[in-house]
Number of protein chains: 2
Amino acid sequence: MQSRPRIPEATVARLAVYLRVLTGLADSGRGTVSSGELASAAGVNPAGLRKDLSHLGPCGTRGVGYEVSTLRDRIAGVLGMETAHACVLVGIGNLGSALAGYGGFGNRGFEFVGLFDASPARVGQRIGDLPIRPMEELDAVLTATRATIGVIATPAEVAQRVCDRLTSAGVRSILNFAPVTLSAPAGVGVRQVDLSVELQVLAFLDKQRGPAASPLGTALAPAGGMA
Amino acid sequence: MQSRPRIPEATVARLAVYLRVLTGLADSGRGTVSSGELASAAGVNPAGLRKDLSHLGPCGTRGVGYEVSTLRDRIAGVLGMETAHACVLVGIGNLGSALAGYGGFGNRGFEFVGLFDASPARVGQRIGDLPIRPMEELDAVLTATRATIGVIATPAEVAQRVCDRLTSAGVRSILNFAPVTLSAPAGVGVRQVDLSVELQVLAFLDKQRGPAASPLGTALAPAGGMA
DNA sequence: TGTTGTGAAAACTTTCACAGCC
DNA sequence: GGCTGTGAAAGTTTTCACAACA
């Protein structure tokens, strides 16, 4: 299987996780790793991991496992990390500042090349070595840097307008933290991270798992059983 | 279909989105809404939305649509939002501060009741009306508040230890922002938000969609000059 | 007429089991 | 003996099409 026939999106997300684990293993000098161990470190099933990797073509040695640095490079290549990706970030409030200051992107191939905010109070401040720019400069920076990824961390009310400006200036991928569903032209990829949704899913699953579990030993026999 | 036979997790996540949209519609005085309109606002397919809602039992009127406030309350009830959920947040760096200061949780039924950090420099500062406490007080606060949700925004290196402490003190749900895969006892729900993974998936999907509008293959300006 | 609720079909994803190779 | 790669099975999710109904 070459990577032609399209890699499933679920697999792509896991490949990114494997890459993170493999990078850690490589840094600690590990030479080879088995699917079982890698799967355990990534929190997935070993057979599923092997199926995921099968989309990259054979890349292990039977009876041995995978060579850590080779596999890491292979996945990095498939994910398109041989070149850095330039990103702009719009909305430098608390969350935006956190994202702008987060060092974890750089060593994974993503780099912010522009920070934007509508508030004059914030414009001109710096985060790291980047200045916060006014929204008026968005198009110019996008043109100059050819950034293809836009990150939106604005209030919900303006997120759609920001999205429109980004896409009309040529941005093809958007990561949105504002709690609204964005609509974007065909050909533009949007991913949504909604922190409240995550919490609600957690709370629901907990409720579903066992209604009356009190931290102190309130002995109440659960109907279904425990696991 | 009553809600007995378990609601699929994918559906739960979408219900949380519908709830957000419905809350907005209700606030703007809207009386009823059709599956088509609601689906469009939530970014999903109308038939899928109706199937999702079918897990709650019949809740619309044929030929008319759904009553906005009724449906909102129904979903809120199913998601367990009749009571507030107490959360603790560990790791008050940039991201943690952003989460602690984010107003969007409160009106969705989640409330931080404790903020913790290992750094003496941060302990004692306040965010909103909560003080940042030392890690030593974690168990006492968990016991006193009976918080069942823990949010981890620490560096990757300590996230697993924090997870262990949270779960052994009775936390049953964890939202993890640290870029590591956590292992937790059975019966504890963990959700992972990895910002780099989101960016990598975006970049891959863009690459796969076609190099159509990439005029410059590799020439990404490093931060120095322009930015 | 317009819209919901739902069975049946299609697509996708995960899991299993084992042949094939080291 | 051990581990990968993969076809086939099982399970899940999405989509379609339409009967039921206000």
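In what follows, every chain begins at residue 1, and chains take the letters A, B, ... in the order their sequences are listed. Quantities reported herein were computed from a predicted structural model and do not represent experimental measurements.
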Query - 5′-ward residue of the pair A:Lys51/A:Gly65 relative to DNA chain D - result: A:Gly65
Report summary line: When rounded to whole Å, the CZ to C1' distance for the pair B:Arg6 and D:dG11 reads 10 Å
Query raised in the report: Taking atom P of C:dT4 as reference, at what distance in whole Å does atom CG of B:Leu56 sit?
Result: 14 Å
Report summary line: Rounding to 0.5 Å, atoms CD (B:Gln208) and CD1 (A:Ile7) come to a distance of 7.0 Å
**Report entry** Separation of A:Arg191 CZ from A:Leu175 CG (nearest 0.5 Å)
**Finding:** 8.5 Å
Query raised in the report: Do any side-chain nitrogens or oxygens of B:Tyr66 fall under 4.0 Å of OP1 or OP2 in D:dA22?
Result: no
Query raised in the report: What parts of residues 30-39 of chain B reach DNA chain C, counting only heavy atoms under 4.0 Å away?
Result: B:Ser34, B:Ser35
**Report entry** Neighbours of DNA chain C within residues 189-205 of chain B, by heavy-atom distance under 4.0 Å
**Finding:** none
Report summary line: Ranking A:Thr61 and A:Asp52 by the position along DNA chain C of their nearest nucleotide, the one closer to 5' is A:Asp52
**Report entry** Residue that, paired with A:Val171, satisfies side chain to side chain contact (heavy atoms under 4.5 Å, CB included) out of A:Thr148, A:Val151, A:Leu166, A:Leu138
**Finding:** A:Leu166
Report summary line: Of C:dG5, D:dG5, D:dT13, the nucleotide closest to the side chain of B:Arg50 is C:dG5
Query - Polar pair under 3.5 Å, donor/acceptor by atom type, side chain B:Arg62, base C:dT3 - result: no
